[in-house]
Amino acid sequence: MPDKLARRLQDARRFVLTTHERPDGDAVGSEIAMALYLRGLGKEVHVLNTDPAPHTMEWLPGAELLTVFDGSMEQREAIAAADVILVLDTNAEHRLGRVGPSVRSSGAHTVMVDHHTGPETWFDSTYRRESASSTGQLVYEIICADGADRIDSAIASALYVAIMTDTGSFRFSNVTPEVHRVVADLLERGRLEPSILHAEVFDKRSPEGLRLLSRVLQTLALGHDRQVAWMVVTPRMLKETGSSIEETEGFVNWGLSIEGVRVSMLFTETERGTKVSFRSKGEWTVHRWAQALGGGGHPNASGAFVRKPLDETVERVVAQAPRYLDLEVATDDPDPVSDEDEAYLAALLNLQNREPRQ
Ligand code: 5GP
Ligand code: MN
């Protein structure tokens, strides 16, 4: 199967690569590796994304190949001229953002390379496996089907970062012996230094981001016999700490670090509604829950966007927990950590109805 795809890539000349909105390390690492590999074969490659790469990925060799889709004539021509469009790390048109409609309606052969559940069916071909740790792992397989010696230091760095970020630094339940074999191969071929790569990605927090984390942690609440944890982020917290929404990356995991918690959620208030991030442990899967809200993702890491205000979304989604989790003890009423936390959360939930305090 990767052989067939590798041959198709070798036979084509012009490529467009794209990925989901607000791309993460797996998305941009997979794109960079694929773009460098195809360039090495002498192909014409354009990488067109709806959003820029996170600044924690900008140092990656090859990151300069990533461009933001602005609908310019040049970019539309690249899409129109493409023989193959590779859609990496997502499987749905709407997740592509602005670039989505142009990709779907193009005359190119569209290929999905992805590991998410619930794929759409409009792609001309797919290389997907839900059990894969990351799209980076799948890109590794595709390149190796051509020849593992194609993996140079830059490609190895990009794939290492893709796999590292999607596995929570090799500790999530998607980590298998095979993932470690792939990673060992990348370290050897690229002569990589794992500690340096890890620091490049994760030791990039700003003081503002840390202050935001402290505000968000104060909203922590627990419910359903303390098995479900949730926190909220409001535009006001961003404003008052001087931080950007990008800084909330990874915050949701803090809830899971509490003993006994099986599901952690982060609710982010926006003008158009509320973004919900789900994380869970092992067999307590959350993707169906996210799907029921119109979103999707992986069994243990999913998300959805609910077009409702923050407080209504929190209340409704938290109340749904027993339906999607086989909770041994399920209570209807959320059971916050303390009265003080409850008061704090209630205050936060009412923020959008109040005049901002100057
Ligand atoms: P995050 O919570 O980090 O935004 O997303 C976690 C996972 O859920 C990601 O793998 C992402 O693909 C998926 N996801 C997040 N938001 C959405 C959404 O609105 N729709 C779908 N289908 N998947 C989402
Ligand atoms: Mn991924």
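When a ligand or atom number is given, it counts from 1 through the structure's own listing order. Remember, predicted model here, so these are calculated numbers, not experimental data.
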Practice item. Indicate yes or no: does Lys275 engage Glu269 in a salt bridge with an N to O separation below 4.0 Å. Key: no

Review point. Does any donor atom in the side chain of Asp89 or His115 lie under 3.5 Å from an acceptor atom in the other side chain?
Key: yes

Practice item. Would you please name every residue forming a salt bridge (Lys or Arg N to Asp or Glu O under 4.0 Å) with Arg104, sequence neighbours left out? Key: Glu93

Review point. Tell me, which N, O or S atom in Asp166 is closest to the Mn ion (ligand 2)?
Key: OD2

Check your understanding: Is Thr19 reaching over with its side chain to a backbone N or O of Leu88, donor-acceptor style, under 3.5 angstrom?
Key -> yes

Review point. Angle class for the His180/Phe170 ring planes (parallel below 30°, perpendicular above 60°, tilted otherwise)?
Key: tilted

Review point. When you measure from the side chain of Thr248 to the backbone N and O of Phe251, does any donor-acceptor pair fall under 3.5 Å?
Key: no

**Study point:** the Mn ion (ligand 2) - name of the N/O/S atom of Asp26 that sits closest to it
**Key:** OD2

Practice item. Write out the protein residues near ligand 1, meaning a non-hydrogen atom under 4.0 Å from one of its atoms, in order of chain and number. Key: Arg95, His116, Lys275, Ser277, Arg279, Gly295, Gly296, Gly297, His298, Ala301, Ser302, Gly303, Ala304, Phe305

Review point. Rounded to 10°, how big is the angle at the Mn ion (ligand 2) from Asp89 OD1 to His115 NE2?
Key: 90°

Review point. Do other residues, nucleotides or ligands put more than 12 heavy atoms under 6.0 Å from the CD atom of Glu141?
Key: yes

